Protein chains: 2
Amino acid sequence: MPTTQDIKVAVDAVVFGYTSKEGLSVLLIKRNIDPFKDTWALPGGLVGNDESLEDAVQRELKEETGVSINYLEQLYSFGQPGRDPRNRVISITYYGLVKPDAFQIEAATDAAEVEWFNIKRIPQLAFDHEDIIAAAHDRLKNKILYQPIGFELLEERFPFSELEKLYMAVLDRSIDRRNFKKKVVKFGFLEETDEKQALAGAGRPGNLFCFNQQKYFQLQKEGINFEI
Amino acid sequence: MPTTQDIKVAVDAVVFGYTSKEGLSVLLIKRNIDPFKDTWALPGGLVGNDESLEDAVQRELKEETGVSINYLEQLYSFGQPGRDPRNRVISITYYGLVKPDAFQIEAATDAAEVEWFNIKRIPQLAFDHEDIIAAAHDRLKNKILYQPIGFELLEERFPFSELEKLYMAVLDRSIDRRNFKKKVVKFGFLEETDEKQALAGAGRPGNLFCFNQQKYFQLQKEGINFEI
DNA sequence: TCAAAAGTGTTCTTCGTACACCCATGA
DNA sequence: TCATGGGTGTACGAAGAACACTTTTGA
């Protein structure tokens, strides 16, 4: 029988953002206390006594990064003794998705402490945070295939090519434009607006689309299964 | 800023067993302490200070049910304040699969305290344990479609119909015998032995099969994806 | 007029599904 | 000989994958 339990409970969050310019990126902070002082790490911290786990994640994100999140889902709990060199800390991890304007907000805070890193160029991290990012990326890759969570990473209105490039960035493989559009349009929760893309360089501007969440919920109730 | 953290960390396990006679079942214990004294609940308990989460689950299962488990996977962490009426307790839940002989072992222990319940006839449970079982069942239903974890619930050698009945019990729908066999055999990780099923009543005895895990790992490395 | 990106349809192959009759055994 | 459960193949339809040319715009 163990003596009185002495374990701390923390939450950590893998926040994904996407722009076609930056690609799929993760929000990291530079630690200013030991252990792992001056090392990059996931935002997170101890859970308050009367706070739900989700609230704790949202609070830490606000405090440490200024970002407020759009989609949040529990990922996994990491509890190996020794993963924190000082105390026993169990981390309940989440992953979140933010819209592209979060890339701007970050510039307003103390930029030395918070930064976006492309998923392929993550620096060495504190604790087991690299494993946590790997688990989050796996989950995202998997989930985006059967739930329309990709839209949580895009602006309200986006050209279709943006969605396609997002999928390619997340899945890290190329996708046939025609087949992809056929599949996605068929589900019927995308709405085509008559606005055109604001041009960024050469090329024919595309129509803007938006995700109709109500329509999606309705289709989901009717037992549709979304699969890319 | 919260005061000193005062949160306990527990693990709870949803242990699934299967026999064609009993169907898909969950192992429950009757609590002998408050809160929820004399109510059925999932086996589980507080995590020791120097014990991994998996070890804690295995230990609690041994202590409370005598069952030792075959496949164990983390499910979800439940941490809503108030889910335990006395203290703040965060429960990191697991689900596990056991071979049919665990149904016997249980009879050897104090039978009043440990019992198998068919998944469709779960009594009222302590805490939020009904939600936990629902989450575990969802996960199992989903996972069995793309990972060959069903074999963890069967004897080493089993007639093919046993596998099929297992899938029907887990998924709670009927399955076409011919199509199912075609699909499963095609993957190539099932071995047909020349033994015949020991007869239980009338009917033609079927050949026994066994799951070749090494073959499965090999196929998995080659990038096979199992899908029923 | 050229470069860059958007828009669009058809064919082929693969996979999923529906479906019914004979066989081996115990009672 | 009958009841019970095991074993097997074919045909149809749906969905996925491969694939290339035309259009609109800015430079």
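In what follows, chains carry the letters A, B, and so on, assigned in the order in which the sequence lines appear, proteins first and then strands, with residues in each chain numbered from 1. Because the structure is a prediction, the values reported are computed rather than measured.
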Partners meeting side-chain contact (heavy atoms from CB on, under 4.5 Å) with A:P100 (sequence neighbours left out):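 Result, side-chain contact (heavy atoms from CB on, under 4.5 Å) vs A:P100: A:T19, A:E155.
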Which donor-acceptor pairs under 3.5 Å do the side chains of residues 158-171 of chain B make with protein atoms, sequence neighbours left out?
{"from": "B:E162", "atom 1": "OE2", "to": "B:S20", "atom 2": "OG", "distance (Å)": "3.4"}
{"from": "B:Y167", "atom 1": "OH", "to": "B:I144", "atom 2": "O", "distance (Å)": "3.0"}

Chain B contact limits on DNA chain C, taken 5' to 3' with a cut-off of 4.0 angstrom to heavy atoms: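 Boundary nucleotides touching chain B, in 5' to 3' order, are C:dT17 to C:dG26.
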What residues from residues 141-162 of chain A pass a heavy-atom cutoff of under 4.0 Å to DNA chain C? A:S161
Using a 4.0 Å cut-off on protein heavy atoms (strictly under), produce a 5'-to-3' string for nucleotides 9-19 of chain D with B for base contact, S for backbone-only sugar-phosphate contact, and - for none. BB-----SBBB
Every protein N/O lying under 3.5 Å from an N/O of nucleotides 25-27 of chain D:
none

Using a 3.5 Å cut-off and no angle test, enumerate the donor-acceptor pairs between side-chain atoms of residues 173-181 of chain A and protein atoms at least two apart in sequence or in another chain.
{"from": "A:D176", "atom 1": "OD1", "to": "A:R178", "atom 2": "N", "distance (Å)": "3.0"}
{"from": "A:D176", "atom 1": "OD1", "to": "A:N179", "atom 2": "N", "distance (Å)": "2.9"}
{"from": "A:N179", "atom 1": "OD1", "to": "A:K182", "atom 2": "NZ", "distance (Å)": "3.3"}

What ring pair (Phe, Tyr, Trp, His ring centres under 6.0 Å) pairs are there with at least one residue in residues 115-143 of chain B, not counting sequence neighbours?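 Found B:F36-B:F127, B:W40-B:F117, B:F103-B:W116, B:F127-B:H129.
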Should A:E156 and A:K99 be marked as a salt bridge (charged side-chain N to carboxylate O under 4.0 Å, His left out) after you check the CA-CA gap, both sets of side-chain angles, and the distance that decides it? CA-CA 9 Å; A:E156 278 311 308; A:K99 302 254 177 208; 3.7 Å; yes
Nearest heavy atoms of A:A13 and A:V57, plus distance in Å: CB-CG1, 3.8 Å
Donor-acceptor pairs are to be reported for all side-chain atoms of residues 207-220 of chain A against protein atoms at under 3.5 Å, with residues two or more places apart or in another chain.
{"from": "A:N207", "atom 1": "OD1", "to": "A:K196", "atom 2": "NZ", "distance (Å)": "2.7"}
{"from": "A:N207", "atom 1": "ND2", "to": "A:E192", "atom 2": "OE2", "distance (Å)": "2.8"}
{"from": "A:N212", "atom 1": "OD1", "to": "A:Q214", "atom 2": "N", "distance (Å)": "3.2"}
{"from": "A:N212", "atom 1": "OD1", "to": "A:K215", "atom 2": "N", "distance (Å)": "3.0"}
{"from": "A:N212", "atom 1": "ND2", "to": "A:E191", "atom 2": "OE2", "distance (Å)": "2.5"}
{"from": "A:Y216", "atom 1": "OH", "to": "A:Q147", "atom 2": "NE2", "distance (Å)": "3.4"}
{"from": "A:Y216", "atom 1": "OH", "to": "A:Q220", "atom 2": "NE2", "distance (Å)": "2.9"}
{"from": "A:Q218", "atom 1": "NE2", "to": "A:E222", "atom 2": "OE2", "distance (Å)": "3.3"}

Report the distance from atom OG of B:S91 to atom CD1 of B:I132, rounding to the nearest 0.5 Å.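 With rounding to 0.5 Å, OG (B:S91) is 5.0 Å from CD1 (B:I132).
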When rounded to the nearest 0.5 angstrom, what distance separates CD1 in B:I69 from NZ in B:K62?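 That separation rounds to 10.5 Å.
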Rounded off to whole Å, could you give me the NZ-to-C1' distance for the B:K181 and D:dG6 pair? 8 Å
Suppose the criterion is salt bridge (charged side-chain N to carboxylate O under 4.0 Å, His left out): which pairs have a residue in residues 130-141 of chain A, not counting sequence neighbours?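 Listed once each, the pairs are A:E73-A:R139.
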Please name all residues satisfying ring-ring contact (aromatic ring centres under 6.0 Å, His included) with B:F78, sequence neighbours left out, ordered by chain then number.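 Listed in chain order: B:Y76.
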Go through the structure and list residues passing ring-ring contact (aromatic ring centres under 6.0 Å, His included) with A:Y146, not counting sequence neighbours. none
